[in-house]
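Chain naming here is simple, since letters A, B, ... match the order of the sequence lines and numbering starts at 1 in each. What you see is a predicted model, and the numbers here were worked out from it, not measured in a lab.
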Amino acid sequence: MLQQTTVAAVGPYYVAFLKRWPTVEALAAAPVEEVMSAWAGLGYYSRARNLHACARHVAHNLGGKFPDTEESLRALPGVGPYTASAIAAIAFAKRAAPVDGNIERVLARLYAVREPLPGAKPALRALAQELAPKERAGDFAQAMMDLGAMICTPKAPDCANCPWTEDCMGRALGLASVLPYRDAKAVRPLRRGAAFVVISTDDEVLLRRRPPKGLLGGMHEPPMSAWEVDFPANARAAPLKAAFRKLPGLVRHGFTHFELELEVYRVEGVATSAAPPATEWAPLRDLKRFALPTVMKKVIAHATADRDAGPLFKR
DNA sequence: AAGACGTGGGA
DNA sequence: TTCCCAAGTCT
């Protein structure tokens, strides 16, 4: 869960997951659709699918016991170099040197590494390997991460309270607050589309499921057009023949590599029997059961703002 | 090997 | 408002 995600964002999800699926066997026994629903809102949804596949592999093929070496952990779905190393060091007390974004920043400053990321990653990994102690490597790694999160922060590091302030080459060179350098990020293109919110006579909304791989893989969404350079020329992408009304305003959402603008069309009072193939009705008052990513919650909230007493999605 | 892959919180 | 970026992984 913590891959590329802050502790604050993960907290409630972590608590809910462990309450609902306290053991690897329990998670392995869960339908993947339920796991996707429970993950909705956290982002990077392949992590949820990988976590579930990992639980099934451990429960079914490894007797419920996690492997305890970096190499064998690395073979699990969703477990890359960082996570394998972190588990080996923290859970199994092995000498391993996980390197996350915090540790990259701390090391780049401590040793004044001027090569920009991501090219500097191998050099930073080598420095981490040298530094990792034989004993309590897990505590060392977590201490480095906490230093990065609380003292050696990205913008304005609190060097006065840093235990390494006298040793820091970056600080000596006046580079502490600007390291690590990064390659320039690409400009994010804009894509546009139209979403169709169909409300039934029973206050349900029509949803379909996205393909399992790719963007928002396996998640629910209202029917919508493809996302392209321009809005669709007409409402041809509508899921059924009905008197859709185009709502004022747009739904905007930023993804990692592009920005999205969605027009929202709505129709109400549709007969429940009218659901097209591969769609299903979701009660507006019980959307928690569905795997709705944040952008899709925005669409539904936009389409129901005028007919709701209170917020549909409370946080 | 470079690009795909989400979201929310802080500055 | 806008930008940055976080306990990275997969293809």
Between W227(A) and F258(A), what is the ring plane arrangement, given parallel below 30°, perpendicular above 60°, and tilted in between? tilted
Between [options], spot the one nearest the side chain of [X], thanks.
X: T83(A); options: dG8(C), dG8(B), dA6(C); result: dG8(C)
X: P154(A); options: dG8(C), dG6(B), dA6(C); result: dA6(C)
X: Q4(A); options: dG8(C), dC10(C), dC5(C); result: dG8(C)
X: H257(A); options: dA6(C), dC5(B), dT7(B); result: dC5(B)
X: Q3(A); options: dG8(C), dA6(C), dT7(B); result: dG8(C)
X: T5(A); options: dA6(C), dG6(B), dG8(C); result: dG6(B)
X: R74(A); options: dA7(C), dT7(B), dC10(C); result: dC10(C)

Salt bridge between [X] and [Y], side-chain N to carboxylate O under 4.0 Å?
X: R208(A); Y: E221(A); result: yes
X: E228(A); Y: R191(A); result: no
X: R95(A); Y: E135(A); result: no

Students often get this wrong, so: under 4.0 angstrom with heavy atoms, is [X] touching a base, only sugar-phosphate, or nothing?
X: L42(A); value: base
X: R188(A); value: nothing
X: P98(A); value: nothing
X: G148(A); value: nothing
X: R252(A); value: nothing
X: V79(A); value: sugar-phosphate
X: P118(A); value: nothing
X: R49(A); value: nothing

Between R192(A) and S225(A), do the side chains contain an N or O donor and an N or O acceptor separated by less than 3.5 Å? no
Go through the side-chain N and O atoms of R47(A) and N50(A) and say whether any donor and acceptor fall under 3.5 Å apart. no
Nearest non-hydrogen partners of L215(A) and F255(A), listed with the distance: CD1-CD2, 4.0 Å
Could you measure between the two P atoms, the one in dG3(B) and the one in dA7(C), and give it in whole Å? 24 Å
In whole Å, measure the gap between the C1' atoms of dA6(C) and dG6(B) for me. 12 Å
Quickly work out the [X] [atom1] to [N] [atom2] distance and round it to whole Å.
X: M1(A); N: dT7(B); atom1: CE; atom2: P; value: 15 Å
X: R105(A); N: dG8(C); atom1: CZ; atom2: C1'; value: 15 Å
X: W39(A); N: dT7(B); atom1: CH2; atom2: C1'; value: 13 Å
X: I87(A); N: dA7(C); atom1: CD1; atom2: C1'; value: 11 Å
X: I103(A); N: dA7(C); atom1: CD1; atom2: C1'; value: 8 Å
X: M150(A); N: dA7(C); atom1: CE; atom2: C1'; value: 15 Å
X: K121(A); N: dA7(C); atom1: NZ; atom2: P; value: 13 Å
X: Y45(A); N: dG8(C); atom1: OH; atom2: P; value: 18 Å

Counting only side-chain nitrogens and oxygens, does H253(A) get under 4.0 Å of the OP1 or OP2 atom of dG6(B)? no
N50(A) or K155(A): which one's nearest nucleotide on DNA chain C is closer to the 5' end? K155(A)
Test for a donor-acceptor pair under 3.5 Å between the base of dG6(B) and the side chain of T256(A), counting only N and O atoms. yes
5' priority, DNA chain B, between Y44(A) and A8(A) [closest heavy atom]: Y44(A)
